[in-house]
Amino acid sequence: MADVNGNTAGKPLRCKAAIAREAGQPLVIEEVIVAPPKAHEVRIKIICASLCHTDVTFWKLKDFPGCYPRILGHEAVGIVESVGEEVDEVVEGDYVLPVLIADCGDCKDCRSSESNLCSKLPFKVSPWMPREDSSRFTDLKGETLFHFVFVSSFSQYTVVDIAHLTKIDPSIPPNRACLLSCGVSTGIGAAWRAANVKPGSTVAIFGIGAIGLGVAEGARLCGAARVIAVDINPEKFEFGKKFGVTDFINPNNCEDNKTISQIICEMTDGGADYCFECVGKATLGWGKTIVLGLDKLDAQLSFLSLDVLLSGKTIKGSVYGDLKAKSDVPILVKRYLDKEIRLDDFVSHEMKLDEINKAFELLMEGKCLRCDSGEHIGEDVEEFAEGDFVMPVFLANCGECTDYVKPSKGITAGKPLHCKAAIAREAGQPLVIEEVIMAPPKAHEVRIKIICTSLCYSDITFWKLKRIFLDAIQESLAMRLLESVGEEVDEVLEGDYVLPVFIADCGDCNDCKSSESNLCSKLPFKISPWMPREDSSRFTDLKGETLFHFLSVSSFSQYTVVDVTHLTKIDPSIPPNRACLLSCGVSTGIGAAWRATNVNLDQQLLYSALELLDWEYNIVSCYAKFVCFFGKKFGVTDFINPNNCEDNKTVSQGWGKTIVLGVDKPDAQLSLLSMDVLLSGKTIKGSIYGGLKAKSDVPILVKRYLDKEVRLDDFVSHEMKFDEINKAFELLMEGKCVRCVIWMD
């Protein structure tokens, strides 16, 4: 199949390949015919190929996407043998690395720094070439042999689309270069590109195969201070130390029935900054959880929507560690040549092509590093006891400010007082306005006179629940005037204008001091009927019956007691019927666009929640028609009614963030295929209070309102008296109001 001069370009050639003829059966070494490359294609001679657990996973599949006969393999390095038409970035003899994802350099995703998933040639587990449904392989009987993830490196020659090839420095040894085609690069890239691990941070890695060790290596290069490895094979700890692993947890040796989550939280004083899941199961952490792999194709990631919302956790699928092959792989090659990346230690075995089945055995037995054992642990999040109905807390301040003096005592200070409150006596039944007794504040507490409160849908949700405490005084949005303070409170004093927030920020724990979280670990907040520091209430009715608190606020009362960590002092220039909106809902929306998406404030126009980023397009999906008209005030440019969607259309893959800001009901589930999370390249992030830290961020929003930048006025659709509170509930449930402000006097 070569001419008299030995040239094979433009002609079919014969070579050996390892063929998977049946699912789970040994590969068969046969002679095959490799067609010449077509337009945009390159035929390469494989020098070295590396075995990855993905090959084993698909080799076992009897049903699609398992296809037979097939040439597996996707980690390799080779030399260009010939090129097809319209290929000008490589030439014969170039040293190249094939990669399973495309990098066309032309589509908006490839040009964007936000994605590494090409939209022109999207990734799919296909048996064909990427631009047409055809193969370049046949056996000697003329039978078509299927491709595997656009590479098929278990052949002495293969044909790869130019979008899947990266030219690299020939100085790197081929038995090291091939590692950068997938697993090792995926791990390093996950720490470097996908998570952007910060110096001094703590990293937890679930599964210490090649990808997990790649994450450890990437975390080490990024300057992580602590790298915790979770694996059932204790022999991997000593090996992991070469890559920066500092701690090891064997799930089989956990004592006192503690979960992995609990152990890591204890080890790190609150949780890891970054978690990397190498087999596609739910893990833990207030920081980022990066999903890098699957244990099986139909594996599910299932979370309570409330857990995602309240944890503040980011869940991100990452293919190839978010690396762009044509620009990032040459950087990794250089860092290896500069002796910064330790590729040498990843290679545990080297074999010939005819020993490939032995390599499969070693990988499945967990005796070969360049494979995953398939038994990594990724337990569901269990930070709380079974049956607990909880909400992670944020927002309390440290109280270290020295600009204040101890408050003078007023007439009612230190004494119980009588006031009116709207009490939920039964689930779903109208609130009852009664006289209640409000105890004085204890240490770290403040008693406040409520001026205005706003009704939020969270109140409706919990008011309907029969399983949650009744005889409660609800609401978490309010504007208040400080009436008296307890001991050890020095940041506010009598008469201050304050805003309560349902989460705490102690200003002292790792989470409160970190810019990565607004969830306090020192004063964690459950959806509890009590005060945050002790299991007791400050409310009783006139019969002496205890009345439960709600979200540490309970603003449906003319007076309430709040922990000082849940209070923010604000500028009294802002009207109370606008300030109360910043306690929860409106701030959550604005914060989600501002803080949760990490966009520089200086680059934005803070006109409203939807105009916060000055986006060109603000697309709203909602069932209520009036929202379309109302939303235009806030910068909404387009409106989608999910009931009218045609042809089952969805959004594009590759990038973008999905921020979870609420739940329809506490037991609602977010259930996702691990494969979808992994391959979408999207980020799913729970965000409580929009990621805001109340003591520092709320005063900024107040100022923006006073400067006529944030449009709080347009959020208020109704204002009512306290005794009309049940009417406000009705309007909200009927979808006829956006925010209803209730004046307490």
Side-chain angles (χ1 to χ4, degrees), residues 1-3 5-20 30-47 49 65 67-107 109-110 117-168 181-182 324-326 329:
M1 295 185 178
D3 60 23
N5 296 317
N7 293 325
T8 54
K11 302 178 177 65
L13 58 75
R14 294 167 73 151
C15 69
K16 289 183 179 181
I19 304 173
E30 298 182 19
E31 196 167 271
V32 300
I33 298 173
V34 184
K38 295 186 178 182
H40 307 288
E41 297 175 359
V42 178
R43 189 163 62 189
I44 61 177
K45 179 180 180 179
I46 300 295
I47 305 173
C67 299
Y68 306 94
R70 184 177 226 166
I71 299 177
L72 295 167
H74 63 289
E75 292 189 349
V77 67
I79 296 174
V80 174
E81 176 268 343
S82 59
V83 302
E85 296 179 356
E86 302 185 48
V87 174
D88 55 14
E89 65 180 270
V90 296
V91 297
E92 183 180 337
D94 278 345
Y95 202 46
V96 291
L97 195 83
V99 178
L100 73 162
I101 60 172
D103 186 355
C104 75
D106 183 53
C107 70
D109 295 290
C110 289
L117 294 181
C118 178
S119 51
K120 184 177 181 180
L121 295 171
F123 177 80
K124 51 189 175 182
V125 184
S126 165
W128 310 117
M129 294 294 291
R131 296 180 196 255
E132 60 178 59
D133 290 344
S134 63
S135 173
R136 302 294 174 264
F137 295 106
T138 55
D139 65 12
L140 296 187
K141 297 178 181 179
E143 182 181 11
T144 296
L145 303 173
F146 295 122
H147 289 254
F148 180 60
V149 291
F150 310 126
V151 177
S152 292
S153 59
F154 292 167
S155 173
Q156 291 175 324
Y157 285 84
T158 190
V159 175
V160 179
D161 193 283
I162 185 62
H164 289 262
L165 275 184
T166 298
K167 182 178 176 180
I168 61 173
S181 269
C182 182
K324 289 181 179 286
K326 294 189 189 271
V329 167

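Count residues from 1 along the sequence.
The nearest pair of heavy atoms linking S153 to I46 is O-CG2, 3.9 Å. L100 and S181 get closest at one heavy-atom pair: CD2-O, 4.3 Å. The minimum heavy-atom distance between I33 and P12, with the atom names listed, is CG2-CB, 3.8 Å. Across all their heavy atoms, K326 and A163 have their closest contact at CE-O, 3.9 Å. Across all their heavy atoms, V99 and A325 have their closest contact at CG2-CB, 3.8 Å. Nearest heavy atom pair, residue E86 against residue A39, reads OE2-CB, 4.4 Å.
At a threshold of 4.5 Å between non-hydrogen side-chain atoms, the residues K120 and C110 do not count as touching. Side-chain contact check for P36 versus S82: every heavy-atom pair is 4.5 Å or farther apart. A heavy-atom distance below 4.5 Å is not found between the side chains of K38 and V159. Side-chain contact between E41 and R136 is present, with heavy atoms from C-beta onward closer than 4.5 Å.
Ring orientation note: the planes of F150 and F123 are nearly perpendicular, at an angle over 60° on the 30°/60° scale. Ring orientation note: the planes of F148 and H74 are nearly perpendicular, at an angle over 60° on the 30°/60° scale.
Rounding to the nearest 0.5 Å gives a distance of 9.0 Å between SG of C118 and NZ of K324. How far CG of L121 is from CG of D103: 10.0 Å, rounded to the nearest 0.5 Å. To the nearest 0.5 Å, the span separating CG on L145 from CD1 on I19 amounts to 4.5 Å. Put simply, OG on S126 and CG on D133 are 6.0 Å apart, with the number rounded to the nearest 0.5 Å. In this structure, CZ on R43 lies 4.0 Å from CG on L13, to the nearest 0.5 angstrom. To the nearest 0.5 angstrom, H164 atom NE2 is 8.0 Å from M129 atom CE.
More than 12 heavy atoms of other residues, nucleotides or ligands shown are found within 6.0 angstrom of CD on E132.
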Original post:
Going through the checks in order, is the salt bridge (charged side-chain N to carboxylate O under 4.0 Å, His left out) test met by K45 and E81?
Top reply: CA-CA 6 Å; K45 179 180 180 179; E81 176 268 343; over 6 Å; no
Original post:
Going through the checks in order, is the side-chain contact (heavy atoms from CB on, under 4.5 Å) test met by E89 and I162?
Top reply: CA-CA 8 Å; E89 65 180 270; I162 185 62; 3.5 Å; yes
Subject >> Criterion side-chain contact (heavy atoms from CB on, under 4.5 Å) on T158 and V34, from CA distance to verdict >> reply: CA-CA 7 Å; T158 190; V34 184; 5.9 Å; no
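Considering V87, V96, V91, V160 as possible partners of V80, the one that fulfils the side-chain contact (heavy atoms from CB on, under 4.5 Å) test is V96.
The list of salt bridge (Lys or Arg N to Asp or Glu O under 4.0 Å) pairs with a residue in residues 146-167, not counting sequence neighbours, reads D94-K167, R131-D161.
Annotation: F146 is in aromatic contact with W128 [ring centroid separation under 6.0 Å].
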